[in-house]
Amino acid sequence: MQQKRVNAVVISQAHEVSYQPHDMTWEETQALVKVERGGICGSDIHYFLHGRAGMSILKAPMVLGHELIGRVEYAPAGSGLAAGQPVAVNPSFPCRRCSLCHEGKANLCRAMRFMGSAQFFPHVNGGFAEYVAVQPEQCIPYDPQADPRAIAFAEPLAVCIHAVRQAGDLVGKKVLVTGAGPIGCLVIAAARAAGAAHITATDLSERCRSLALEMGADAAVDPRDEALTAGWASDGGVYDVSMEASGAPAAIASMVAYTRPGGTIIQLGMGVPEIAYPVGSLLVKELVLKGSFRFNGEFETAVRWLESKRIDPLPLLSAEMPMREAAPALALAADKGRAAKVQLTF
Ligand SMILES: [Zn+2]
Ligand SMILES: [Zn+2]
């Protein structure tokens with residue numbers, strides 16, 4: 001085990017963010033990646049604003065960031081990686097020994113080491129830093145001709161491809177997506193790529209609604225506009241599949257009304273810990289309610305889809321800012337009226 005001093009975006013327990021020297025530990029069996037770019041995720045924003053992301057609460061300072069691309073600086077012998085190679089960094093490192101890992105549900109591993117996450121304690125440092133040390137298998141090489149701004153969307157796109165898979169076969173289906181931030185918009189693109197026949201998006205923000213249309217939605221609606229949503233609950237609900245990406249209590253509850261009997265609801269938005277929920281309607285309509293958390297093999301799929309331009313995420317990229325300006329970049333990313341995805345660069 002070695003230590004290497006690098007500059008990194010550290011969030012304190014009082015959720016103050018600063019760019020400061022940080023001692024990184026590194027083993028020679030790990031690949032060393034020089035980070036070039038990192039996307040700011042909703043969870044980074046939640047830690048920044050509230051000191052917690054869903055059930056994950058900051059209990060110690062942590063380096064933020066898990067949507068990373070960079071270049072291999074050091075490749076361990078036999079790893080198949082080469083120095084200088086551009087890679088997308090898969091931030092998840094499951095134990096690979098537990099029953100969940102063996103069942104192909106490594107995203108649910110209780111010993112998961114996920115970069116930039118306070119889910120478990122001690123927290124796992126993220127990669128908004130000059131360098132990160134990761135297992136070689138966390139490095140997914142990508143075509144050097146590909147646009148690095150697009151490849152940096154691999155992690156959130158992987159989340160969305162996983163969510164779409166949780167929903168089952170979407171071919172010919174009518175899909176509702178609530179919340180058109182970066183995740184909702186990438187769900188729209190992934191659902192479209194998976195064969196959805198018609199996709200409706202909802203968001204309170206006009207800006208988000210126009211991005212939803214750009215990313216492949218057929219319609220984008222303000223959920224407060226009752227004239228537009230009035231018909232959605234008719235005949236027991238009109239959507240085959242509803243994907244909840246806002247975390248807003250009103251949206252979460254409305255899915256039960258808008259999803260047709262026998263349909264499926266996928267919950268991706270973190271939301272608040274407790275909400276009032278129409279359980280009675282859920283049961284009489286035999287709705288399937290499924291959570292969706294992170295991803296498994298979908299990370300590499302996401303890299304390939306971005307490399308081949310099967311999905312173009314660039315309409316979602318609002319700004320690129322240097323890593324040392326992480327605090328104002330986080331504030332910008334948190335302002336849905338002004339920004340969708342913000343990327344930090346070195
Ligand atoms: Zn993310
Ligand atoms: Zn495991």
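When a ligand or atom number is given, it counts from 1 through the structure's own listing order.
- Using a 4.0 Å cut-off between a side-chain N of Lys or Arg and a carboxylate O of Asp or Glu, Arg209 and Asp203 do not qualify as a salt bridge.
- At the Zn ion (ligand 2), the angle from SG in Cys95 to SG in Cys98 is 110° when rounded to 10°.
- There is no side-chain donor-acceptor pair under 3.5 Å between Gln343 and Glu320.
- For His66, the N/O/S atom at the shortest distance from the Zn ion (ligand 1) is named NE2.
- Defined by atom type and a distance below 3.5 Å, a donor-acceptor pair is present between the side-chain atoms of Tyr239 and Thr200.
- In terms of distance to the Zn ion (ligand 1), the nearest N, O or S atom of Glu155 is named OE1.
- Per residue Glu67, closest N, O or S atom to the Zn ion (ligand 1): atom name OE2.
- Between Phe346 and Tyr19, the ring planes lie tilted relative to each other; the angle falls in the 30° to 60° range.
- For Asp143 and Arg304, the salt-bridge test fails: no basic side-chain N is under 4.0 Å from an acidic carboxylate O.
- Among the atoms of His102, none of the N, O or S atoms falls under 2.8 Å from the Zn ion (ligand 2).
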